[in-house]
There are 2 protein chains.
Amino acid sequence: MATKSSSSLPASALSGAGGPAPQYLKVKTHLREGIAGGRWRPGERLPSEADLTEAFGVSRMTVNRALRELHQEGLVERVQGVGSFVAQLHRIASTLTVRDVHEEIAARNHRHEASVHVLETLRADAGQAALLGLRAGATVFHSVIVHRENGIAIQCEDRLVNPACAPDYMDQDFARITPTHYLLEVAPLSEARYTIEAAMPGALEARLLGMPRGEPCLVVKRVTSSQGRAVTAVRLVHPASRYLLEGSFQA
Amino acid sequence: MATKSSSSLPASALSGAGGPAPQYLKVKTHLREGIAGGRWRPGERLPSEADLTEAFGVSRMTVNRALRELHQEGLVERVQGVGSFVAQLHRIASTLTVRDVHEEIAARNHRHEASVHVLETLRADAGQAALLGLRAGATVFHSVIVHRENGIAIQCEDRLVNPACAPDYMDQDFARITPTHYLLEVAPLSEARYTIEAAMPGALEARLLGMPRGEPCLVVKRVTSSQGRAVTAVRLVHPASRYLLEGSFQA
DNA sequence: TAGTGGTCTAGACCACCTT
DNA sequence: AGGTGGTCTAGACCACTAC
């Protein structure tokens with residue numbers, strides 16, 4: 001019945017200023033540091049919820065939240081009726097974020113410019129139609145835009161758009177707003193599939209990017225769907241010497 | 001006081017066989033489908049916890065868990081004292097998993113083979129030492145291993161190892177167990193940093209991979225740390241024609 | 001039978017924001 | 001002042017596993 005503040009241990013009085021430091025975070029940090037520090041090895045069993053409840057003097061729900069979040073983060077495996085264990089980290093599963101190029105450049109406090117080289121309506125061939133789940137010969141929008149960071153071309157964006165999802169696509173000013181940004185406004189994202197690969201640039205791409213033909217590119221292909229319907233398929237070509245993806249993983 | 005089963009709404013009797021379908025999941029699914037279906041647009045305000053508590057006839061903690069998990073998944077933004085909102089999905093933040101090559105091949109039900117081409121102790125030059133946080137001239141282990149999937153070379157793994165973290169590295173049989181797997185056992189992972197880029201193969205790499213010099217490669221560089229100490233730095237080179245990274249994102 | 005995690009309740013206090 | 005989310009409690013019932 002009694003809540004934390006009326007019980008014998010006023011936790012908020014124990015923690016310093018700047019934030020009471022939630023109890024579940026204390027438990028979580030304790031376990032995370034123990035795992036990272038090797039106190040519990042991969043596969044080893046962690047203290048039970050009951051153990052932690054007693055050790056930290058908190059309720060079981062609080063301990064449960066700490067363990068559940070560690071499980072969601074992939075650090076802990078849980079088996080009903082058995083216990084909680086340190087996850088085998090062999091399947092690391094680092095995560096990498098692929099962001100809208102405008103936001104990515106803005107985050108570096110650099111200047112973003114976009115130039116529109118193609119903005120047209122065309123009849124999809126078989127391959128293009130398949131990407132968007134349309135029949136061959138269907139009308140689709142097509143744009144080719146080069147993005148520059150502080151004046152240097154870093155991405156050539158070749159995009160097909162399903163007109164049914166974005167009928168006003170051809171009327172936008174893509175020098176001011178990226179297609180990604182516009183499309184996410186008119187068609188709420190529900191699913192995306194993508195690949196990342198290395199490739200040599202095509203003749204047009206090399207010319208637009210101002211790069212030598214012999215230099216490789218990092219190519220991201222992505223198909224985005226909204227409400228189960230393919231909205232757009234894009235091929236993002238980046239000169240290898242000017243662009244790389246990076247990320248980090250923290251246990 | 002009364003729990004679900006003794007109250008007026010025995011939820012477990014309402015749901016079919018195969019699992020009671022937790023209440024928090026019903027709330028979560030309802031919101032997720034509404035967001036994906038466009039019922040609530042990005043930036044729009046969602047029903048409050050109190051609203052959902054009443055609408056679903058569950059406790060606030062249950063509704064809170066649903067909203068909290070949607071927030072953790074990036075679908076919902078929450079502002080204390082204001083409300084919950086559909087997240088602006090502009091920063092897509094897709095996640096990409098980078099896995100141990102053995103598990104990756106095994107997951108495709110293919111055969112994995114590894115051949116060890118270099119396994120040596122050497123004195124680190126300035127660049128190598130910097131990667132591992134050691135002084136120039138320090139002793140490090142060095143291995144070059146080619147991984148094959150069903151007989152086709154898909155990865156050349158060039159690795160430096162900090163001897164202080166894995167003193168028995170030179171005694172392992174890396175035709176049977178991958179260095180990644182071994183290192184994660186002896187030094188629990190706590191942090192990894194990596195980059196992904198396109199590049200042309202070096203002469204040695206092209207020869208080991210059996211690929212033409214003119215074909216580009218997808219290169220993953222990764223530095224892994226344990227307890228704040230760099231354990232290993234690796235360069236993974238993949239022929240562009242035989243390897244790509246793929247992933248998906250679901251709202 | 002005893003221990004484990006999975007879920008849920010009906011309250012509570014708090015910080016925060018809007019009015 | 002009133003609504004919002006952030007956290008926490010002291011129980012509860014259940015499914016599952018191990019002994």
Side-chain angles (χ1 to χ4, degrees), chain A residues 1-15 17-29 31 44-72 76-87, chain B residues 1-15 17-29 31 44-72 76-87:
Chain A
M1 296 290 177
T3 60
K4 170 187 61 177
S5 57
S6 62
S7 66
S8 56
L9 267 180
S12 53
L14 293 176
S15 57
Q23 305 275 31
Y24 81 92
L25 267 187
K26 295 182 187 171
V27 178
K28 205 176 156 182
T29 300
L31 293 171
E44 194 173 338
R45 183 174 180 165
L46 293 167
S48 71
E49 294 191 354
D51 293 339
L52 293 165
T53 292
E54 190 175 9
F56 283 83
V58 298
S59 79
R60 195 190 141 207
M61 276 297 279
T62 301
V63 165
N64 178 270
R65 175 168 176 185
L67 280 164
R68 178 158 30 87
E69 292 191 1
L70 288 171
H71 171 65
Q72 287 167 338
V76 167
E77 291 301 326
R78 313 195 73 189
V79 184
Q80 197 175 46
V82 183
S84 300
F85 305 84
V86 179
Chain B
M1 302 288 176
T3 62
K4 170 188 60 180
S5 56
S6 62
S7 68
S8 56
L9 268 180
S12 54
L14 294 175
S15 58
Q23 305 275 31
Y24 81 92
L25 267 187
K26 295 181 188 172
V27 179
K28 203 174 158 185
T29 300
L31 294 170
E44 194 173 336
R45 184 175 178 164
L46 292 168
S48 71
E49 295 191 355
D51 294 338
L52 293 166
T53 292
E54 189 176 9
F56 283 84
V58 298
S59 79
R60 196 191 140 207
M61 276 298 279
T62 301
V63 165
N64 178 270
R65 175 167 174 185
L67 280 165
R68 178 158 30 87
E69 291 192 0
L70 288 171
H71 172 65
Q72 287 168 338
V76 167
E77 290 301 325
R78 314 194 73 187
V79 184
Q80 196 175 46
V82 182
S84 301
F85 304 84
V86 179

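A note on names: the letters A, B, ... follow the listed sequences, proteins ahead of strands, and every chain is numbered from 1.
- For the pair Val58(A) and Glu49(B), nearest-nucleotide mapping onto DNA chain D gives the more 5' position to Glu49(B).
- The nucleotide whose nearest atom lies closest to any side-chain atom of Pro22(A) is, among dT7(D), dT9(C), dG5(D), dT7(D).
- A sub-4.0 Å separation between OP1 or OP2 of dT7(D) and a side-chain N or O of Tyr24(A) is present.
- When the side-chain nitrogen and oxygen atoms of Ser84(A) are compared with OP1 and OP2 of dG5(C), one or more of them lie within a distance under 4.0 Å.
- Listed here is the closest heavy atom pair of Leu46(B) and Leu67(B): CD1-CD2, 4.5 Å.
- In terms of phosphate contacts, Thr62(B) brings no side-chain nitrogen or oxygen within less than 4.0 Å of OP1 or OP2 of dT7(C).
- Residue Arg65(A) places at least one side-chain N or O under 4.0 Å from the OP1 or OP2 atom of dT7(D).
- Nearest heavy atom pair, residue Val76(A) against residue Ser84(A), reads CG1-CB, 4.1 Å.
- Not one side-chain nitrogen or oxygen of Arg60(B) sits closer than 4.0 Å to the OP1 or OP2 atom of dG11(C).
- Within the 4.0 angstrom heavy-atom criterion, no nucleotide atom of any strand lies near Arg68(B).
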Pairs under 3.5 Å (N/O, protein and nucleotides 17-19 of chain D):
none

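- Using modelled atom types, no side-chain atom of His71(A) and backbone atom of Glu77(A) make a donor-acceptor pair closer than 3.5 Å.
- Note: CG (Leu52(B)) to P (dG5(D)) measures 9 Å, nearest angstrom.
- Screening residues 51-64 of chain B for salt bridge (charged side-chain N to carboxylate O under 4.0 Å, His left out) gives Glu49(B)-Arg60(B) as the qualifying pairs, with residues at least two apart or on separate chains.
- Regarding Gln23(B), its CD atom lies at a distance of 17 Å from the P atom of dC13(D), rounded to whole Å.
- Look at Ser59(B) and you won't find any side-chain N or O under 4.0 angstrom from OP1 or OP2 of dC8(C).
- Note: NZ (Lys26(B)) to C1' (dT7(C)) measures 12 Å, nearest angstrom.
- Counting to the nearest Å, the C1' atom of dG11(D) and the CE atom of Met61(B) are 13 Å from each other.
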